[in-house]
Structure formats: structure tokens, C-alpha cells
Amino acid sequence: MRHISGGCNMVVTRFAPSPTGYLHIGGARTALFSWLLAKQQKGRFILRIEDTDQARSTEESTQKILQDMKWLGLDWQEGPEVGGPNGPYFQSQRLEIYRQWAQKLMAMGRAYKCFATPEEMAAERAKDKGFKYDRRGLKLTPEQIAAYEAEGRPCVIRFKMPDKDITVHDMILGDVTLKTSELEDFVILKSDGFPTYHFAVVLDDYYMQVTHVLRGQEHLMNTPKHIALQEAMGVPHPAYAHLPVIFNMEGGKMSKRDKEKAIKAGKTPPEIDVFDFRIGGYMPEAILNFIALLGWSPGNDLELMPISQMIEMFSVERIGKTNARFDREKLRSFNMQYIKNAPRDRLREVVKQFPEVTDYPMKNADNAMLEKMLDLYQPRSRTLVEMAENSRFFFTDEIHYDTKAVEKFLKKEPGEQVLTDLKDRLAALPEWQPHAIEKTIEDYCTEKQLGMGKVAQPIRVAVTGSSVSPSVHETLEVLGRKKTLSRLDNAISLIRQN
RNA sequence: GACCCCGUCGUCUAGCCAGGUCUAGGACACAGGGUUUUCAUCCCUGCAACACGGGUUCAAAUCCCGUCGGGGUCACCA
């Protein structure tokens, strides 16, 4: 009898990505829900790498996925890097288990060899759209099999589906019954000796003592196969929960292809993978909060909540059945609020890590400058990209002058006059303090009978290149007197150029 | 095409399981107003949904059936 580590009733969930690219946002939600369930139930969360597709799996992808999981803060109690009692956690390292069970099932008469090549099967399917595997392997005589093997012909092992209906008791969808006639004898062991997904998940979930399987709804039709397999092997069924699909705004499944489509159409590609959102300047906590609400709701009007509260309030019963569109506008709003409400320590950490994956002048910031920038931009940035771009004039002297702004505020009256006058007055200030700067500007306005807008905008454009920035006196203060004056000079000569 | 799942504001959703308290609540977006030196924030107001058709019932967003619509799956991919 196997000992179940940590107690018999312990909830064990897992996330089992295949390493064929970055972590998809939908995968991240599956991982999050599984993680939340384990945390809430004081159980264990396992990360397992399903690298049974030799053609597509890469070590690089594995690393990317681990990195994205860590960045999101979804830690695992068992899996790559941390190990665990039920390892290894890479399916490619568990081949012996699958082979032995395949043999066992064959000995039991529940599985059999088939020598048909992938090409043959594809040809059958091309001929008949509704083609279902015809059990041709089962019709082979022992002599034929021996002869094929003597020739060294490759074969697969197929599972013999039982002749009965199978009901999935889904925690979200309820009971879903599938007629056995809908299912064919599927391959469990490929000709390269690797298991198929169906075989590997069932065995691994069993050996890793997984109690709850949360996965996308696209797996619903696979589940009867897994249940049949579990029955044949005499192992328990984990509880299943099939999550609604995440749609793009067009109403189709949100997929990596959306990126290629956008590029072809000459548009900027949408964020699809977790890493895209990371580069896009989103905070992991905002992403987690947002995707948690794609299908799940705590039941009251609560939306923004810390992860600790999500853990507390999470329940599979409150996951809905309807597919959800991924509304980036709402994510942006969430992200803005997370940036605005973040403790300074946390925001500083996030902002300092950001240049690791991007390249903005912000990366050259010293701590004092960064802190001042944060004072101004924490309340007014929806993403770190906005923050980095809008504040770039602090960190580089390569100012890009917005043409419209230059025309409107510098080249028109009283632009030049304002700059030359204020340059002298600011240069003469005894102390470079925000209040002193503000007063200088205000006094100037009063004296010249000019509205604040007439004065502030030319300065703003001169110093930042843009007509948009935090309040002028704070901006100047942070920039420093030296840079302020030299940029005023530059702007003045720009005006005089023509 | 076959099988399966789903269907409340433009979007995410609460309400549905245990019908009445729903002239359907919240959030994002949008529109208008206020604050303001620009932008953003912030505050106020507004717009806006039970897919459709039948039942059951004194009463249906809530239960049943059908239609339509959307989606998923049909691999030696996961």
C-alpha cells in the first residue's frame, strides 16, 4: 500500500505544461486555479513537464516556463528544481514506468500492438472524414505480428476502449456522458517508445497522487479516455474540473496565432504569453488578479483583491461555465490600480527588474532619481511601459520633440518670450526647490498677465519634448537646474532656427 | 459533418442550484459634468443586458422543452 505523503485527505493539484514555447496566459490561469486550490486546502501543488513530444519539446521552453511561473509567483512544492518524493517531474525521464504499464495492459488484454503507419492512418482519415480506428491491429494473427517484428517494423500500442458509456463527473460542468462509440482505441505508446499525453497524464497523476485535475475545457473529450484507462489499471479517478476557454476580443480561442495574424495585418501584436505581458509592463499581481476573474468570481462585488484574499475565497464551485473574452482595457485598469496602490518597496523592485526584459533609458537611473521619478509617475501610469516612456526625458538628453507640440507651444507667441524670461529667472533662483520654482512661474504669469497654460506648456515642451508631463514645477525640480536651463536653451535655439 | 459544452449590459461578472426582496447589482469601456497649468488620477451623473419561442407556476433571469447563436473536440500534439 502506497503511503500518501502529508496525510490521506491532502489535496494535490498540478500544472503540467508541455515545453513548446512560452507560458500562455490561459495556461497561467489554469496554473493559478490549481495553485489557489492547493494553497487554500493546505495541500500541494506540483509542476510537471510534459515533454513527450520529442519533435517539439525544448529545454529552452522549459526554462522559459519556469521563469514565467516564478515571475508570477506561482511556486511549486514538487517539480523541477525543487524535486520531491514522486519524481522525476519530466515525463521524458519516466519512460520505464509507461513501458511497464503498457506491457501490463497488453498482458491483461486491454492493449494491443498496431503496425499501421501514421501515413496510412492519415490516408484513411483523408478518405473518410468520420473515420474511426478500425481495430486492424487487433485482427492481426500472432504469426503476422511475429513476422512484422522480425522485419523490424515499428508499431504503436493502442488501448482497447471498453464497450460502454463513460460519464465524467465534472466539478464545474456536472455529469457529461459520452457514448463509447464516439471513442476509438487510442494510442498510448508511440512508435518512438514515448507515451502519448493520455497515457502519461493518467499514470503520472496516479503516481504523484494528484487528487484534483484542473485543465482547459478543450480537454473535456479526452477525459473519458483517461477514466477508461484508470478503470483498466485499477487506480482511482482524480476529481476533474474543466475550465472555460479564454477568448480573444473577436470571440475565438486566444492563441499564439493571433500574434501572427496581427503582424500580417500590419497591427501591433497582442500580448498572449505571460512574457508578452511582462514586457508590456504589467505587474504580476495585476495579471493574477485579472485572470482569476476570467471564469471565477468570489460572489460579491469584490474585484481587486490581494492574492492572500484570493486564496481565502477561492472555490472550484464558483468557477463559471461560460467562456470569457480577454479585455485588455480592463487589465490595464487593474494594472494602473496595482501600480498606484503598490507599496513603494514593491514598486521599486518591479521597476528595477523591468529593464531586464526591456530597454529604456530608465535602466540608467540612479536610486535618487528613480525615487523622484516614482513620486511623479506612480499615480499616473497604467503600465511600466507608459512609465518608462513618459519619464524617459529624465534619464536621457536625447529629447524627441513632438512636432505638433513644438508648433503649438514653442513657435507660437508667447513661447519664445516665456522661455527666455523664465530661463533667467530660474537661473537666478537662490534655491532649486519645487515651491520656489512654482512661485517663480506663478509670479511671472501674474506679472505678464498670462494664463498658467500659456506659460507652463512652452516650458513643458521645451524640457520634456512633449505637451504631457507631471506638473511643471515638479518636473523641473526633479530634472535639476542644470538640465532645465540647458534644455530651455536648446528649445530657444530650436525656435530661432527658422 | 459527428459528438460535447455554453448563452445576463460592448466586455468581465453577481443573481440561477434551494422561483417572488431584480423597475437585474458591481467593475472595465463609453458619454456628459466637476477638480486641474497639460496628461493621468479623483468625484458626480448617464448610457447599457436576462438570445428567441413555447411550456410549468399565483409568480421565471432563475425550472422543463425546442429553436437559433457561439465555442470546443475529433493526431504516433499536448
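Below, chains carry the letters A, B, ... as their sequence lines are ordered, and counting in each starts from 1.
With salt bridges taken as basic N to acidic carboxylate O contacts below 4.0 Å, none links A/E386 and A/R380. A salt bridge links A/E303 to A/K330: one of the charged nitrogens lies within less than 4.0 Å of a carboxylate oxygen. The pair A/E271-A/K259 fails the salt-bridge criterion, with no side-chain N (NZ, NE, NH1 or NH2) lying under 4.0 Å from an Asp/Glu carboxylate O. With respect to A/E96 and A/R94, no salt bridge is recorded, no charged nitrogen being found less than 4.0 Å from a carboxylate O. With respect to the salt-bridge test (charged N to carboxylate O, under 4.0 angstrom), the residues A/E120 and A/R136 qualify. Between A/K64 and A/E59, no side-chain nitrogen of the basic residue sits less than 4.0 Å from a carboxylate oxygen of the acidic one, so the salt-bridge criterion is not met.
For B/A78, one of the phosphate oxygens OP1 or OP2 lies less than 4.0 angstrom from a side-chain nitrogen or oxygen of A/T52. Proximity of A/K408 to the phosphate of B/U38: no side-chain N or O atom is located under 4.0 Å from OP1 or OP2. At B/U38, none of the side-chain N or O atoms of A/K404 fall inside 4.0 Å of OP1 or OP2 (strictly under the cut-off). Remark: A/R460 is not in phosphate contact with B/U37, judged by side-chain N or O atoms under 4.0 Å from OP1 or OP2. Listed pair A/R158 / B/C76 meets the phosphate criterion, a side-chain N or O lying under 4.0 Å from OP1 or OP2. Proximity of A/R125 to the phosphate of B/C76: a side-chain N or O atom is located under 4.0 Å from OP1 or OP2.
One P atom belongs to B/U8, the other to B/U13, and the distance between them is 9 Å to the nearest Å. Comparing B/C22 with B/C4, their P atoms sit 38 Å apart, to the nearest whole Å. Between the P atoms of B/C68 and B/A59, the separation comes to 29 Å (whole Å). With C1' as the reference atom, B/U23 and B/U41 are 35 Å apart, rounded to whole Å.
In the interface, the side chain of A/K321 is not paired with the base of B/C5 through any donor and acceptor atom under 3.5 Å apart. Counting distance only, with no hydrogens placed and no angle test, the side-chain atoms of A/S469 and the base atoms of B/C39 include no donor-acceptor pair under 3.5 Å. Judged by distance alone with a 3.5 Å cut-off, no donor-acceptor contact links the side chain of A/R325 to the base of B/C12. In terms of polar N and O atoms assigned as donor or acceptor, the side chain of A/K330 never comes within less than 3.5 Å of the base of B/A29 in a complementary pairing.
Within the nucleic acid shown, A/T322 comes within 4.0 Å of sugar-phosphate atoms alone, with no base atom in reach, counting heavy atoms only. As judged by a 4.0 angstrom heavy-atom cut-off over every strand, A/S471 is placed among the base-contacting residues. Contacts of A/K340 with the nucleic acid, taken as non-hydrogen atoms under 4.0 Å apart, involve only primed sugar atoms and P, OP1 or OP2. Contacts of A/L302 with the nucleic acid, taken as non-hydrogen atoms under 4.0 Å apart, are absent. When heavy atoms are screened at a 4.0 angstrom cut-off, A/P17 is found touching no nucleic acid atom at all. Within the 4.0 angstrom heavy-atom criterion, no nucleotide atom of any strand lies near A/G252. Looking at heavy-atom distances under 4.0 Å, A/V187 makes contact with sugar-phosphate atoms alone, never a base. Within 4.0 Å (heavy atoms only), A/G130 reaches no atom of the nucleic acid at all. Among the atoms of the strands shown, base atoms are found under 4.0 Å from some heavy atom of A/A116. Here A/S297 lies in heavy-atom contact (under 4.0 Å) with sugar-phosphate atoms only. A/E303 comes within contact range of at least one nucleobase, with a heavy-atom separation under 4.0 Å. As judged by a 4.0 angstrom heavy-atom cut-off over every strand, A/K253 is placed among residues touching the sugar-phosphate backbone only. Using a 4.0 Å heavy-atom cutoff across all strands shown, A/R318 reaches sugar-phosphate atoms only and no base atom.
Closest to the A/V176 side chain, of the nucleotides B/C4, B/U13, B/C12, is B/C4. Listed nucleotides: B/U37, B/C77, B/C28. Nearest to the side chain of A/K190: B/C77. When the nucleotides B/C76, B/A78, B/C12 are ranked by their closest atom to the side chain of A/Y197, B/A78 comes out on top. Among the nucleotides B/A27, B/A29, B/U13, the one closest to any side-chain atom of A/E329 is B/A29. Checked against B/C42, B/G10, B/C5, the side chain of A/L173 finds its nearest nucleotide in B/C5. Picking from B/A27, B/G70, B/U13 the nucleotide with the shortest atom distance to the side chain of A/F247 gives B/G70. Closest to the side chain of A/E182, from the set B/G71, B/A2, B/A78, is B/A2.
Side-chain N/O atoms of A/H198 and A/H226 include a donor and acceptor closer than 3.5 Å. At a cut-off of 3.5 Å, with distance as the only test, no side-chain donor of A/S34 or A/T13 sits close to an acceptor on the other residue.
Checking B/A60 for Watson-Crick or G-U wobble geometry (two distances, each under 3.5 Å) identifies no partner in any strand. Pair assignment for B/G69: B/C6, on the basis of Watson-Crick or G-U wobble contacts that are both within less than 3.5 Å.
Around the NZ atom of A/K160, the shell of radius 6.0 Å holds no more than 12 heavy atoms that belong to other residues, nucleotides or ligands. Enclosure of atom NZ in A/K408 is not indicated, since only 12 or fewer non-hydrogen atoms of other residues, nucleotides or ligands lie within 6.0 angstrom.
Interface residues of residues 215-228 of chain A facing RNA chain B, ordered by number: A/Q217, A/E218, A/H219, A/L220, A/M221, A/N222; criterion, heavy-atom separation under 4.0 Å.
Place A/V468 and A/P195 on RNA chain B by their nearest nucleotides, and A/V468 ends up nearer the 5' end. The residue among A/M452 and A/M121 whose nearest nucleotide of RNA chain B is located toward the 5' end is A/M452.
The aromatic rings of A/F314 and A/W296 sit tilted, their planes meeting at an angle between 30° and 60°.
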